[in-house]
Amino acid sequence: IQTIDEALAYLPGVSVDRSRGLTTTGTHTSVIMRGTGSANRTLILKDGVPINDAYTGGVSEWNSLAGNSIERIEVVRGPGSSIYGSNSMGGTINLVTQSPSDKPTLGADFRYGSMNTYQASVKAGKQFSDRWGVIVFAEYKKTDGYAYMADSLWKNYYLKPSMKLLNVNAKVSYHFPSAGTLTAIADYNLQQPLSGTTTIYDDRSAAGNYQLRYTNPAAQYAPDIIVYYNVQDRESNAIKWNQESNAFDERYYDSRVPLDTYGVIAKVHRTWGVNVVTVGADARFTEVVSRKYYYGQGIQDFTGRQDFVSFFVNDDLDITDRLHANIGLRYDHWANRNGKFFDDMSGNDIAIVYDNASSDIVNPKVGISY
């Protein structure tokens, strides 16, 4: 297994499409559960934080986590929209990273394969006292890629897709005496894919995921609170093939799409007899500012933000040793705000200010398993 989504392909009910091997970017990879037909109906969590983005609805940065940092992958098949929202209509996948332990963690791995493919990773960490510990992961991948069309379709000037990838992940935990655990996580990812047929796309995508989490499962009302900030910055330079000069020398466009998402997920668990009740709230705010310049034509920009505020309650109960029920209800309020579009490529400025839009959605759920 060389990628995280490749591991998911071994699970029943999970469909993974990775179209160009290790060179593929996140936008060329989709993970679909239970035949829902769309990647934006599968919720992907990283240590409990959604990484589905508001730009595509799916996961654009599948490579943004060092593979050697994964402790386990939790997969819940079937709709979880009463707890997580509409992204989990098909199912929910949670990527859980390794935590520091009393025994020192040390590891290194190096691989070399066809198409000039290098993969290297290291990790180190330890629980240094009863109170605090730290663990760090790093991963680097590089590959020259392959001709992904049949021989008769592949022209000699086409560029095989190559990829350079760097991941650095760190986790620091602090245990309060009889009062829970505070964990800080920071991830940094840099992808540099390069590919082209009649147009070369020289891309650069940097992503940072940061979160602070407090849990205290031993408390009577057990809290689980996550505050997070995810930032992506995608840049692309496109150059067209010029048949007259027999070279890639015709600048097409430059684009940059920064995407910022921040939010908080707060839950409280309580057990009453056979009932395990969870009450929580989820707030998420996203802003995108796209800048695209077409050489010799003009610019095409758009901006906007999307806000979500949600409340949910869920009850898991064991009716008998074999009969289990789940009852949940979620309320979502979403709003699109400050949407703007500008285009001057036709010679006439086109400026559009979109009306704000919002809606309220209620997701109930009843499930029984025997």
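Listed by chain and residue number, nothing satisfies the salt bridge (charged side-chain N to carboxylate O under 4.0 Å, His left out) test with Lys240 (two or more places apart in sequence, or in another chain). Here Lys292 pairs with Tyr294 under the side chain to side chain donor-acceptor pair (under 3.5 Å) rule; sequence neighbours left out. Judged as a side chain to side chain donor-acceptor pair (under 3.5 Å), and not counting sequence neighbours, the contacts of Thr278 are His269. Partners of Phe110 according to the ring-ring contact (aromatic ring centres under 6.0 Å, His included) rule, which considers only residues two or more places apart in sequence or in another chain, do not exist here. Residues satisfying the ring-ring contact (aromatic ring centres under 6.0 Å, His included) criterion with Tyr158, sequence neighbours excluded, are Trp154. Checked against side chain to side chain donor-acceptor pair (under 3.5 Å), Ser359 has no partners two or more places apart in sequence or in another chain. Scanning for side chain to side chain donor-acceptor pair (under 3.5 Å) contacts around Arg111 gives Asp109, with sequence neighbours left out.
For Asn94 (side chain) and Gly48 (main-chain N/O), a donor-acceptor pair under 3.5 Å exists by modelled atom type. A donor-acceptor pair is defined here as one N or O able to donate and one able to accept, closer than 3.5 Å; such a pair exists between the side chain of Thr42 and the backbone of Met33. Distance alone, capped at 3.5 Å, is enough to place a donor-acceptor pair between the Asn169 side chain and the Ala66 backbone. With Arg284 contributing its side chain and Ile265 its backbone, the two residues share no donor-acceptor pair below 3.5 Å. The main-chain N or O of Ile299 is found under 3.5 Å from a side-chain atom of Asp344 such that the two form a donor-acceptor pair.
In this structure, Ile83 shares a hydrophobic cluster with Leu43, Leu45, Tyr84, Phe312, the cluster being traced through Ile, Leu, Val, Met, Phe, Trp and Tyr side chains under 4.5 angstrom apart.
At least one side-chain heavy atom of Pro161 sits under 4.5 Å from a side-chain heavy atom of Tyr148. Counting heavy atoms from C-beta on, the side chains of Asp316 and His324 come closer than 4.5 Å. His333 places a side-chain heavy atom less than 4.5 Å from the side chain of Ser358.
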Intermediate values then yes/no, salt bridge (Lys or Arg N to Asp or Glu O under 4.0 Å), Lys142 and Asp144
CA-CA 7 Å; Lys142 176 185 178 298; Asp144 288 347; 3.4 Å; yes
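Residue pairs satisfying the ring-ring contact (aromatic ring centres under 6.0 Å, His included) criterion with at least one member in residues 181-231, sequence neighbours excluded, are absent.
There is a side-chain donor-acceptor pair under 3.5 Å between Ser310 and Asp332. Counting only N and O atoms by type, the side chains of Gln300 and Asp343 include a donor and acceptor under 3.5 Å apart.
Nearest heavy atom pair, residue Asp187 against residue Ala170, reads OD1-N, 4.4 Å.
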Give the table of side-chain donor-acceptor pairs shorter than 3.5 Å for residues 335-342, with sequence neighbours excluded, one pair per line with atom names and distance.
unit_1	atom_1	unit_2	atom_2	d
Asn336	OD1	Gln306	NE2	3.0
Arg337	NE	Asp307	OD2	3.0

Going by atom type alone, with no hydrogens or angles, which donor-acceptor pairs under 3.5 Å involve a side-chain atom of residues 253-264 and a protein atom two or more places apart or on another chain?
unit_1	atom_1	unit_2	atom_2	d
Asp254	OD1	Asn237	ND2	2.8
Asp254	OD1	Arg251	NH2	3.3
Asp254	OD2	Arg251	NH2	3.4
Asp254	OD2	Tyr295	OH	2.4
Arg256	NE	Asp233	OD1	3.0
Arg256	NE	Asp233	OD2	3.2
Arg256	NH2	Asp233	OD2	2.7
Thr261	OG1	Thr286	OG1	3.1

Side-chain donor-acceptor contacts of residues 171-180 below 3.5 Å, not counting sequence neighbours, with atom names and distances?
unit_1	atom_1	unit_2	atom_2	d
Lys171	NZ	Thr97	O	3.1
Lys171	NZ	Thr97	OG1	3.0
Lys171	NZ	Ser99	OG	3.3
Tyr174	OH	Arg131	NH1	2.9
His175	ND1	Thr181	OG1	2.8

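Asp224 has a carboxylate O that lies under 4.0 Å from a charged side-chain N of Arg213, or vice versa, which qualifies the two as a salt bridge.
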